[in-house]
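Both backbone and side-chain heavy atoms feed into the values below; hydrogens, waters and symmetry mates do not.
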Amino acid sequence: MYQSCPYQRPVWVTWLLFLVAAMALGCSTAPKPAPGIAIVMSDRSQAFVDVQREIAKRYKERIQNYYLDGNADITAVKKHVQASDISVVVAVGLPAAQMARELSGKHVVFCQVFNYENPSLVTPWMKGVAATPPVDDLFRTWKQLSPRLNRVGVITGGNLRDLMEEAQTAAKKHGLNLIHVEARSDKETLYAFKRISPKIEGLWMVPDNRVLSRAVIRDIMAYSVRQGDQMAVFSDQLLALGGLLSAETSAADIAEQILQRVRKIHKDSDVGVSGLTQTTIRINSVMAKRLNLKIPKSMRAMTHAP
């Protein structure tokens, strides 16, 4: 009489299941990158330190700090960062970003780098956060303060395509005609400004140290005051030299945008440099009065008498 027997799994199926289980176990126990970030500072300037402190307030994982200033051996610092079990690096300032670009097997987020396009800092594993506040905020405030403002000039070095695209979009939105001139040195900047000054009513000064020096900034601002031109500057310290309004970044905003990129570092978008969200604007009440501009009530909290 035929008698059925229980199903017996072929040997090859048993070995296959064993292999799959072993692979799954191996994946689950594979070492993961150590949590934390390594912060590399180009120097200990206040703007950089403020960002570092704001990151520390918000980030509760391990932080390793490295500094390139003083007597620091950049090669030695790079070796330490490379050897660290931390896989995410935050580079603050251009020298730190340039060093971080030479690392291997790390994910990098850079900040406080104005001209990031020229040294090609953006790569699939290296992204950044903008060094300038939203241009839209500045142009909106400037136009509200000076409704008759129409033509605005800006002089920069080369390779600032992203910033200029943002600026042209913001200018058009707020009824401004933005005239962009590229220079190759600070002397050329001064010459360019005197050449375009009769064609503009205001100058937007950006922190491009490739084409600006302290002496040229003073000369441009002195000339601007004599001509009665309006000036939007990048630091409230320049208001004392005749700037009408200043637009600055916030260390808290920079830190928050950095950490947003850090939190999604392994699934980040293709956006090379993400923008900031906040602008600290101050208005020189003395210059506003001199230029016969009435400060709206909504802006009086921004006023500053240098």
Side-chain angles (χ1 to χ4, degrees), residues 41-50 68-70 92-98 111-119 130-133 135 138-139 142 146 149 151-160 163-164 167 178-249 279-291 304-306:
M41 307 275 288
S42 294
D43 57 55
R44 299 175 194 254
S45 62
Q46 193 61 50
F48 293 172
V49 171
D50 288 345
L68 301 182
D69 61 335
V92 186
L94 180 58
Q98 290 174 319
C111 66
Q112 300 290 67
V113 179
F114 178 74
N115 176 35
Y116 57 82
E117 294 182 50
N118 193 35
T132 53
V135 184
L138 169 63
F139 285 177
W142 199 356
S146 181
L149 182 68
R151 297 180 301 258
V152 172
V154 58
I155 304 169
T156 74
N159 298 307
L160 291 176
L163 178 60
M164 289 303 106
L178 184 65
I179 301 171
H180 176 214
V181 178
E182 289 189 359
R184 290 170 294 183
S185 67
D186 57 344
K187 292 181 179 179
E188 196 169 303
T189 295
L190 182 59
Y191 170 77
F193 172 66
K194 290 182 178 180
R195 179 166 50 87
I196 68 170
S197 180
K199 305 175 184 178
I200 62 176
E201 296 135 4
L203 181 73
W204 171 37
M205 185 177 287
V206 297
D208 192 343
N209 59 10
R210 297 172 299 165
V211 297
L212 282 181
S213 62
R214 291 185 179 181
V216 165
I217 288 175
R218 288 182 177 275
D219 287 346
I220 286 177
M221 298 195 71
Y223 186 87
S224 175
V225 170
R226 290 196 302 269
Q227 296 296 113
D229 292 331
Q230 302 177 24
M231 291 202 67
V233 294
F234 53 84
S235 169
D236 63 356
Q237 295 179 357
L238 296 178
L239 296 179
L241 297 179
L244 173 61
L245 71 168
S246 63
E248 296 182 88
T249 59
T279 309
T280 300
I281 296 179
R282 293 183 175 86
I283 298 171
N284 184 342
S285 58
V286 176
M287 280 303 300
K289 184 177 181 179
R290 181 170 179 172
L291 294 168
H304 176 74

K.L.:
Would you say Thr189's side chain and Val211's backbone share a donor-acceptor pair under 3.5 angstrom?
P.N.:
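Yes; at least one donor-acceptor contact below 3.5 Å.
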
K.L.:
Where do Ile281 and Trp142 land on the side-chain contact (heavy atoms from CB on, under 4.5 Å) test, with the steps shown first?
P.N.:
CA-CA 10 Å; Ile281 296 179; Trp142 199 356; over 6 Å; no

K.L.:
Would you indicate whether Arg195, at its atom CZ, is surrounded by more than 12 heavy atoms from other residues, nucleotides or ligands within a distance under 6.0 Å?
P.N.:
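Yes, the 6.0 Å shell around CZ holds more than 12 heavy atoms from other groups.
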
K.L.:
Does the pair Arg290 and Val225 meet the rule for a side-chain contact (heavy atoms from CB on, under 4.5 Å), with working shown?
P.N.:
CA-CA 10 Å; Arg290 181 170 179 172; Val225 170; 3.4 Å; yes

K.L.:
Strictly distance-based, threshold 3.5 Å: is any side-chain N or O of Arg210 a donor or acceptor partner for the main-chain N or O of Gly158?
P.N.:
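Indeed, once roles are kept as given, a pair shorter than 3.5 Å links the two residues.
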
K.L.:
Taking all heavy atoms of Lys199 and all of Ile179, pick out the closest pair and write down the distance.
P.N.:
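Closest approach of Lys199 to Ile179: O-CD1, 4.3 Å.
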
K.L.:
Quick one: does any side-chain atom of Ser42 pair with a main-chain N or O of Val92 as donor and acceptor, under 3.5 Å?
P.N.:
yes

K.L.:
Around Arg218, counting heavy atoms of other residues, nucleotides and ligands shown, do more than 12 lie under 6.0 Å from its CZ?
P.N.:
no

K.L.:
In this structure, are over 12 heavy atoms from other groups packed under 6.0 Å from Gln237 atom CD?
P.N.:
no

K.L.:
Can Leu160 and Phe114 be said to form a side-chain contact (heavy atoms from CB on, under 4.5 Å), step by step?
P.N.:
CA-CA 9 Å; Leu160 291 176; Phe114 178 74; 3.6 Å; yes

K.L.:
Mark yes or no for whether Glu201, through its side chain, and Arg151, through its backbone, hold a donor-acceptor pair below 3.5 Å.
P.N.:
yes

K.L.:
Going from OH on Tyr223 to CE on Met231, what distance comes out if it is rounded to the nearest 0.5 angstrom?
P.N.:
12.5 Å

K.L.:
When you measure from the side chain of Asn159 to the backbone N and O of Glu117, does any donor-acceptor pair fall under 3.5 Å?
P.N.:
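Not at all, since once roles are kept as given, no pair shorter than 3.5 Å links the two residues.
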
